[in-house]
Amino acid sequence: MQITEKTLMKEVLVDHLRNVLANDPQVVLLDADLAKCAGTNVLYGEFPDRCLDVGIAEANMASMAAGLSSYGFKPYISSFAPFATRRMADQIMISICYAQQNVKIIGTDPGIAAELNGGTHMALEDIGMLRSIPNILIYEPTDAMELYKALPQIHAYPYPCYVRTHRKSPALLTKESDEVNILKARVMKEGSDVTIVASGIMVETAMQAAAQLKEEGISVEVVCCPTIKPIDVETIVASAKKTGAVVTAENHNVMGALRSAVCETLSENYPVPVESVGVKEKFGEVGKVPYLRKAMNMDVEDVVGAVKAVIARK
Amino acid sequence: MTNVDLKQFAKEIRVNILECIGSLGVGHIGGCLSIADLLAVLYGKHLNYDPKNPKMEGRDRLVCSKGHAGPAIYAVLAEVGFFSKEVLKTLNQGGTTLPSHCDMNKTPGVDMTAGSLGQGFSCAVGCAIGSRLKKDGATIYAIIGDGESQEGQIWEAAMYAGHSKLDNLIAFTDYNKMQLDNYVANICDLNPLDKKWEAFGWKVWTVDGNDVDALDTAITEAKAHKGQPKMIIMNTVKGKGVSYCEAALVGSHSMSVSPEAKIQGIKEVRGE
């Protein structure tokens, strides 16, 4: 598949699913009446026996997938991020993870990417809910290229995975030549004064903030951290040792996800001052991303402000 | 197993339940004893399984969605040789292979983890679809509690199974009319339960769930019935076969069983 700046992430997902469905008769896909939104509906004609739209019943979908897994199948289940997590949280915990069933969970349009669907559909707590479940891998792709390279690794990963992905096409930051290892964070830009650890759509924001801060003489290192669990301790600690201050930036509540994982990592290995950018004690609301970035304090200037605040604490 | 005396088999399952829960001194004995006759009929006559090869390809599967009846499942698994009867005495001890609720990763012969009510039944629907895809000819059995039937997930799964015409799926409701807090009818009544399942596209039988012959007949008919998933509503007695459990009524959901009570119960079951 050719990845360009126009490639939609849902096209990458569908391409991956088509490949694994075609190459492995054990792969099954379950949707809960959002196949058209995810783009997976195009697969139903190609693989009519192994694509199941179970209706608007996410809990049943999750446990059914566990049953299929126990029968030797490799299930993918897909819904909007809030329904793929909080709507079936106990089913993920018991039927899938506790029962050791290797189900891949696709949740689309996390956080403010839910845009016009608004607060009810805006998963800002999904990673926090799942992160304390043993063994589950939580991956939030940065862009279409990274997702393209990551999905085969997700498929091969021996434990359940939550893929917190977008349907549209966030800025393409990953190059075709970049090595992607889902268990590793990547230094996108080297710097010496401060580290920004960012995930998802906030990686681009961090890069923009870094460019702006360079003009003010502040050297920013940007670490792209798409896998929030297990967190890449080595890369984050190495960068903190180099810069002595860290800002986290995520499209999630600042409790329970990237900020928490980074703070846990640093407090146990190399404590440095940390400031955070993300949603703070707010529910989601309707709006387009530019509005929501301002409303939720997730814009470039918020990252710039956090960088200056953390440098002042060094 | 061939030519098993199902009534005698059910007695031995009840003895094992008493040994299992009695060794610990407390447990969900009421809802274990109520399904002993069903387990005798399934493992004595209908289920395709191999105690020497618990993961045998193409085996029939039993999902005990009312996961707290784990000790009843362990009682029958020990009786047919999946593991030694001595293991029954380790129920809920630290490091045991027999936890209070069924765990497919701990106990040989347990096909699905259950305990968070409603989920096991959805898993069974997933297994039935898996069996259909693999064309392995297996039958998937699921045991649902009556209280458990208040879970919305039961009806999500029932609707999808009915829609999918999963005729390799046979479910049982252990309708002993009691749940933890009170009688089911006083908490959130299920009636008319048969009409509910029929409305979801299931073929329904209602039988005396403590009568092995009635169960055998219903299961035989259910296996032969094509084009629909099948529900056998079992009218059962909670604590069946042990007088102090039956007398405890709702209290038998989880109750103490002293060493003396265990011995007395075993004598009663054996008719000594």
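Just so it is clear: chains get the letters A, B, ... in the order the sequence lines come, proteins before strands, and each one is counted from 1. Treat the numbers as computed from the prediction; the structure is a model and nothing was measured. Computed over heavy atoms, backbone and side chain alike; hydrogens, waters and symmetry mates excluded.
For the set B/Lys134, B/Lys106, B/Met112, the count of heavy-atom pairs under 4.5 angstrom toward chain A peaks at B/Lys134. The candidate with the highest count of non-hydrogen atom pairs below 4.5 Å against chain B, out of A/Val28, A/Leu30, A/Ile56, A/Leu52, is A/Leu52. Ranked by non-hydrogen atom pairs under 4.5 Å with chain A, the options B/Ile154, B/Asp111, B/Asp136 are led by B/Asp136. Interface summary for chain B: among A/Ala57, A/Ala66, A/Pro25, A/Gly55, the most heavy-atom pairs under 4.5 angstrom belong to A/Ala57.
Under a cut-off of 6.0 angstrom, the local environment of NZ in A/Lys184 is crowded, with over 12 non-hydrogen atoms contributed by other residues, nucleotides or ligands. More than 12 heavy atoms of other residues, nucleotides or ligands lie within 6.0 Å of OH in A/Tyr44, so this atom counts as buried by the packing criterion. Under a cut-off of 6.0 angstrom, the local environment of CE in A/Met255 is sparse, with at most 12 non-hydrogen atoms contributed by other residues, nucleotides or ligands. In the displayed structure, A/Glu234 atom CD is contacted under 6.0 Å by at most 12 heavy atoms of other residues, nucleotides or ligands. Remark: A/Lys36 NZ is loosely packed, at most 12 non-hydrogen atoms of other residues, nucleotides or ligands lying under 6.0 Å away. Annotation: A/Tyr148, atom OH; neighbour count of heavy atoms from other residues, nucleotides and ligands within 6.0 Å does not exceed 12.
Interatomic distance, A/Tyr71 OH to B/Arg132 CZ, rounded to the nearest 0.5 Å: 12.5 Å. In this structure, A/Arg50 CZ and B/Ile129 CD1 are separated by 14.0 Å, a value rounded to the nearest 0.5 Å. Expressed to the nearest 0.5 Å, how far CG of A/Asn60 lies from CZ of B/Phe121 amounts to 8.5 Å. Between the CD atom of A/Gln91 and the OG atom of B/Ser122 there is a distance of 7.5 Å, given to the nearest 0.5 Å.
Interface with chain A: from residues 53-76 of chain B, residues B/Arg59, B/Arg61 qualify, criterion being any non-hydrogen pair under 4.5 Å.
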N/O donor to acceptor pairs below 3.5 angstrom from side-chain atoms of residues 224-232 of chain B, sequence neighbours left out:
unit_1	atom_1	unit_2	atom_2	d
B/His225	NE2	B/Gln228	OE1	2.7
B/Lys226	NZ	B/Lys223	O	3.4
B/Gln228	NE2	B/Gly201	O	3.2
B/Lys230	NZ	B/Asp167	O	2.6
B/Lys230	NZ	B/Ala222	O	3.0
B/Lys230	NZ	B/His225	O	2.7

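Proximity to chain A is limited to the side chain of B/Ile140, based on heavy atoms less than 4.5 angstrom apart. Residue contact with chain A, scored on non-hydrogen atoms closer than 4.5 Å, is absent for B/Ala124. In this structure, the portions of B/Ser131 lying under 4.5 Å from any heavy atom of chain A include both its backbone and its side chain.
Panel note: side chain A/Asp90, backbone B/Ser116; no donor-acceptor pair is recorded below 3.5 Å.
Under the 4.5 Å side-chain criterion, counting only non-hydrogen atoms from C-beta, B/Cys123 is not in contact with A/Ser70. The closest side-chain heavy-atom distance from A/Ser63 to B/Gln153 is below 4.5 Å.
Here the shortest heavy-atom pairing between A/Phe73 and B/Leu133 reads CZ-CB, 3.7 Å. Annotation for A/Ala99 and B/Met104: closest pair O-SD, 4.0 Å, computed over non-hydrogen atoms.
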- Query: What do the steps show when you test A/Tyr98 against B/Asp103 for side chain to side chain contact (heavy atoms under 4.5 Å, CB included), and what is the final call?
  - Reply: CA-CA 9 Å; A/Tyr98 180 77; B/Asp103 189 329; 3.2 Å; yes
